[in-house]
Number of protein chains: 2
Amino acid sequence: MREFLRTKGFKMTPQRELIFRSFFEMGKHVSVDELYDKVRQQDSSVGYSTVWRNLKLICKVGLAEEVNLGDGVTRYDRATETPHGHFYCVDCKKLTEFDMDNIVGQLAIISRDNDFVPSGFKIEIQGRCRACREKEATPKKTTDAQAEAQKP
Amino acid sequence: MREFLRTKGFKMTPQRELIFRSFFEMGKHVSVDELYDKVRQQDSSVGYSTVWRNLKLICKVGLAEEVNLGDGVTRYDRATETPHGHFYCVDCKKLTEFDMDNIVGQLAIISRDNDFVPSGFKIEIQGRCRACREKEATPKKTTDAQAEAQKP
DNA sequence: CGGCCAAATGAAAACGATTTTCAATTTCGA
DNA sequence: TCGAAATTGAAAATCGTTTTCATTTGGCCG
């Protein structure tokens, strides 16, 4: 890792090593806060901005990429060999992955047909996971139109 | 429109009418700021939060939906009969649409296979549009590793 | 029509995640 | 070892989004 970074012009530091290691140990779709918490468990002197900067760095060197779902938090997803899309459960907000291999070919074709040179594909499918469907069978009622409209 | 909203429990107001009209007159992928500017051209007394709230309302009643591209700005995209994906040019940040009909079927199948009940699909293809490819043939050089790493 | 109450508005403040600043420290190649 | 460049931590700045609150307005009902 140290060597890998060096070739890209970056230095290795104890904090960086800890942050990188923690990131790769964690599950996917890690937020800055989550990683920060984890890192602090090992070394509470590491600053938030350092975690943030290193997460950005991880992306920059191609080991991860940002995932944005419009819930206000940026998550970082380890780069994988096989491209994958995300199921986003609108109830529990959990992400699940699915293989995108079959579809990527088509997206490439669509791109070419539209004179667009693609560098990445993202597919997000919103909906409800099984767990949420099972736990909540009761629909919610709307009594206060304003509350509904102004407090999503 | 007034009637449509009434059935959903919302009232019509001059501001709302102006905002709705402006939104539908504008192109796609409108941000709050953009719409706010446009609205203010007609009535400078309209507040920012009113524009924001009405954009949310437009989404709530199903006439548009939010689009998030991780550039920090939420955009609002008119709902269309035919589902479409987005080409996102990493250079000029412009969005172009493409038809998603063919692919939606497959996404539905993938969802079913994964025990997920989908309510919406999003496809984003990052890359470079023709215009940007033509205008910039020169690659940028990296002299300052930190600047690159910390100031994206 | 006149009144009433929920909905809507505008201004300002609150929020919250992200990003930058800055002084001090550390890394690593020469 | 030395020094330039990168890195760090804390704090502050940013900036889009969201809420609060006092006030006004819309539209239903008698």
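Numbers restart at 1 for each chain; the letters A, B, ... are given by sequence-line order, proteins then strands. A quick note: this is a predicted structure, and the numbers were derived from the prediction, not measured.
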Within this structure, what is the CD-to-P distance between A:E3 and C:dT27, rounded to whole angstrom?
-> 17 Å
Walking DNA chain D from its 5' end, the first of A:T50 and B:T74 to be reached, judged by nearest nucleotide, is A:T50
For C:dA8, does either OP1 or OP2 sit under 4.0 Å from a side-chain N or O belonging to B:Q15?
-> no
So does B:S49 reach the base of C:dA11 with its side chain, donor to acceptor, closer than 3.5 Å?
-> yes
Is the shortest heavy-atom distance from the side chain of B:F116 to the side chain of A:R130 under 4.5 Å?
-> no
Looking at A:K56, does any N or O in its side chain come under 4.0 Å of the phosphate oxygens OP1/OP2 on C:dT19?
-> yes
Atom CE of B:M12 to atom C1' of D:dG27: distance rounded to whole Å?
-> 13 Å
Using the side-chain hydrogen bond (donor to acceptor under 3.5 Å, both in side chains) rule, take B:S31 and B:D33 through it: C-alpha gap first, then chi angles, then the decisive distance, then the call.
-> CA-CA 5 Å; B:S31 68; B:D33 285 5; 5.7 Å; no
For atom CG of A:L55 and atom P of C:dT19, their distance in whole Å = 11 Å
Within less than 4.0 Å of OP1 or OP2 of D:dT18, is there a side-chain N or O belonging to B:W52?
-> yes
Picking from A:K60, A:R75, A:K56, what satisfies salt bridge (Lys or Arg N to Asp or Glu O under 4.0 Å) with A:E66?
-> A:K56
Would you kindly give the OH-to-C1' distance between A:Y76 and C:dT18, to the nearest whole Å?
-> 8 Å
May I ask you to verify if any side-chain N or O of A:R16 is less than 4.0 angstrom from the OP1 or OP2 atom of C:dT27?
-> no
Integer-rounded Å distance: D:dT8 P and A:L5 CG = 10 Å
With nearest nucleotides of DNA chain D determined for A:I19 and B:R75 from heavy-atom distances, which residue corresponds to the more 5′ nucleotide?
-> A:I19
For B:R6 and D:dG27, is the shortest distance between a side-chain N/O and OP1 or OP2 below 4.0 Å?
-> no
Take atom CG of B:L18 and atom P of D:dT25, then tell me their distance rounded to the nearest Å.
-> 16 Å
Which nucleotide sits closest to the side chain of A:T13: D:dA5, D:dT8, C:dG10?
-> D:dT8
Audit row: A:N102, A:V104, side chain to side chain contact (heavy atoms under 4.5 Å, CB included) steps and yes/no | CA-CA 6 Å; A:N102 303 325; A:V104 164; over 6 Å; no
Atom NZ of A:K11 and atom P of D:dA6 are separated, to the nearest Å, by 7 Å
Closest to the A:Y48 side chain: C:dT18, D:dG26, D:dT18?
-> C:dT18
Can you name the nearest heavy-atom pair linking A:V61 to A:K8, along with the distance?
-> O-NZ, 3.8 Å
Nearest-Å distance for atom pair CG/P, residues B:L35 and D:dT17 | 12 Å
Mind checking B:S45 for me? I need base, sugar-phosphate or nothing, with any heavy atom below 4.0 Å counting as a touch.
-> sugar-phosphate
Side-chain donor/acceptor of A:R53 to base of D:dG9, under 3.5 Å = yes
Among D:dA6, D:dG26, D:dG9, which nucleotide sits nearest the side chain of B:P14?
-> D:dG26
At under 4.0 Å between heavy atoms, what does B:N54 touch on the DNA or RNA strands: base, sugar-phosphate, or nothing?
-> sugar-phosphate
Determine yes or no for a side-chain-to-main-chain donor-acceptor pair under 3.5 angstrom, with B:R2 supplying the side chain and B:E17 the backbone.
-> no
